Amino acid sequence: MNGLDIETARKVLDSQPFSRLVGARISAFRDGEAVLEVDIREELHQQNGFLHGGVVAYAADNAITFAAGTTLGPAVLTGGFSVQYVRPATGRTLVARAAVVHSGRRQAVVRCDLFTAGADGDETLCAVAQGTVLSAGPA
């Protein structure tokens with residue numbers, strides 16, 4: 001896993017001002033996988049009372065990048081990603097579970113399923129994302 005561990009991943013996430021603003025946290029980080037969580041609060045809603053799609057996309061992007069970092073190393077950048085919104089996000093917590101589908105020497109393809117969890121812990125799928133992450137480290 002390129003010498004990375006969950007504590008290092010948490011420090012990297014905490015160094016991102018926007019991640020601190022949103023209140024994101026990494027709850028799992030292992031070979032080819034990462035889970036990022038965001039507590040849903042009113043400030044993150046859109047006008048209809050649902051979690052804003054931008055927050056969902058942010059969580060997908062960061063979870064995808066962290067998962068890829070476990071295979072490519074810590075110096076990575078998102079090459080691109082897409083999000084398909086399945087249903088409006090409501091609940092207590094947004095959970096973004098990313099897993100590497102394929103990893104080469106310079107890029108990885110990662111899938112991310114995004115769920116909202118209610119007070120009872122039940123999860124509902126709200127979006128599916130896929131992205132390509134590029135190594136920004138030396139060749």
Side-chain angles (χ1 to χ4, degrees):
M1 193 168 80
N2 292 317
L4 300 175
D5 60 25
I6 193 165
E7 290 309 315
T8 302
R10 286 176 174 156
K11 287 178 185 173
V12 170
L13 183 70
D14 191 50
S15 73
Q16 301 172 355
F18 187 75
S19 292
R20 289 194 312 269
L21 178 69
V22 171
R25 63 188 173 276
I26 293 180
S27 59
F29 183 77
R30 54 191 160 273
D31 195 26
E33 298 178 351
V35 178
L36 186 133
E37 297 180 3
V38 175
D39 290 331
I40 298 172
R41 59 188 198 276
E42 185 178 358
E43 296 85 5
L44 302 178
H45 286 177
Q46 44 88 297
Q47 72 279 6
N48 296 311
F50 304 121
L51 182 63
H52 194 285
V55 176
V56 175
Y58 152 80
D61 179 23
N62 243 5
I64 285 168
T65 304
F66 273 93
T70 69
T71 63
L72 296 175
V76 293
L77 296 169
T78 303
F81 75 102
S82 64
V83 179
Q84 284 69 49
Y85 298 96
V86 176
R87 67 181 43 87
T90 60
R92 279 194 140 161
T93 306
L94 175 67
V95 180
R97 288 194 183 93
V100 173
V101 176
H102 173 77
S103 185
R105 290 183 315 128
R106 304 288 300 157
Q107 75 176 25
V109 176
V110 183
R111 176 189 166 100
C112 183
D113 294 326
L114 296 108
F115 302 87
T116 54
D120 56 5
D122 285 348
E123 294 184 347
T124 303
L125 183 70
C126 65
V128 177
Q130 181 173 301
T132 302
V133 179
L134 308 172
S135 172

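Every value quoted in this text rests on a predicted model; they were computed, and no experiment measured them.
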Please give me the minimum heavy-atom distance between A63 and A34, naming the atom from each residue. O-CB, 3.9 Å
Taking C-beta and beyond as the side chain, do D14 and R20 meet within less than 4.5 Å on heavy atoms? yes
Supply the atom-to-atom distance Q107 CD to L77 CG, rounded to the nearest 0.5 angstrom. 12.5 Å
Determine, using the 4.5 Å side-chain heavy-atom cutoff (strictly less than), whether L51 and V35 are members of one ILVMFWY cluster. no
Rounded to the nearest 0.5 Å, how far does OG1 of T93 lie from CD1 of I40? 6.5 Å
Got more than 12 heavy atoms from elsewhere within 6.0 Å of NE2, H52? no
Please examine the side chains of V101 and Q130, heavy atoms only from C-beta on, and report whether any two atoms are closer than 4.5 Å. no
Is there a donor-acceptor pair closer than 3.5 Å between any side-chain N or O of T70 and the backbone N or O of G32? yes
Do L4 and V12 belong to the same hydrophobic cluster, where Ile, Leu, Val, Met, Phe, Trp and Tyr are linked whenever their side-chain heavy atoms lie under 4.5 Å apart, directly or via other members? yes
Drop me the distance from L72's CG to L134's CG, to the nearest 0.5 angstrom. 8.5 Å
Closest heavy-atom pair, V56 versus A127, reported as atoms and distance to 0.1 Å, is CG1-CB, 3.8 Å
Sequence neighbours left out, what pairs pass side chain to side chain donor-acceptor pair (under 3.5 Å) with at least one residue falling in residues 75-84? D61-T78, T65-T78
For the residue pair A117 and G121, what are the closest heavy atoms and their distance? CB-O, 4.5 Å
Applied to residues 111-123, the side chain to side chain donor-acceptor pair (under 3.5 Å) test, sequence neighbours excluded, yields R97-E123, R111-D113
Sorted by chain and number, sequence neighbours left out, side-chain contact (heavy atoms from CB on, under 4.5 Å) with A9 holds for I26, F29, F66
Heavy atoms, side chains only, cut-off 4.5 Å: are S27 and V95 in contact? no
Hydrophobic clusters here meaning ILVMFWY residues chained together by side-chain heavy-atom distances under 4.5 Å, can you tell me if I64 and I6 are in one? yes
Pairwise distance OG(S19) to CG(L13) - rounded to 0.5 angstrom: 4.0 Å
Is V83 linked to V109 within one hydrophobic cluster, defined over Ile, Leu, Val, Met, Phe, Trp and Tyr using a side-chain heavy-atom separation of less than 4.5 Å? no
Where do V110 and A99 come nearest, in terms of heavy atoms and distance? CG1-O, 3.3 Å
Which residue pairs pass the ring pair (Phe, Tyr, Trp, His ring centres under 6.0 Å) test when at least one of the two sits in residues 80-119, sequence neighbours left out? none
Who are the side-chain contact (heavy atoms from CB on, under 4.5 Å) partners of R92, not counting sequence neighbours? A119
Among pairs that include at least one residue of residues 34-60, which meet salt bridge (Lys or Arg N to Asp or Glu O under 4.0 Å), considering only residues two or more places apart or in two chains? R25-E37, R25-D39, R41-E43
Using atom types as modelled and distance alone, determine if a side-chain donor or acceptor of R87 lies under 3.5 Å from a backbone N or O of L125. yes
Please find the pair of heavy atoms, one from P17 and one from S15, that lie closest to each other, and give the distance. CD-O, 3.3 Å
If two hydrophobic side chains count as joined below 4.5 Å and joins carry through other members, does L36 share a cluster with V55? yes
Using modelled atom types and a 3.5 Å cut-off, is there a donor and acceptor pairing between side-chain atoms of N48 and backbone atoms of F50? no
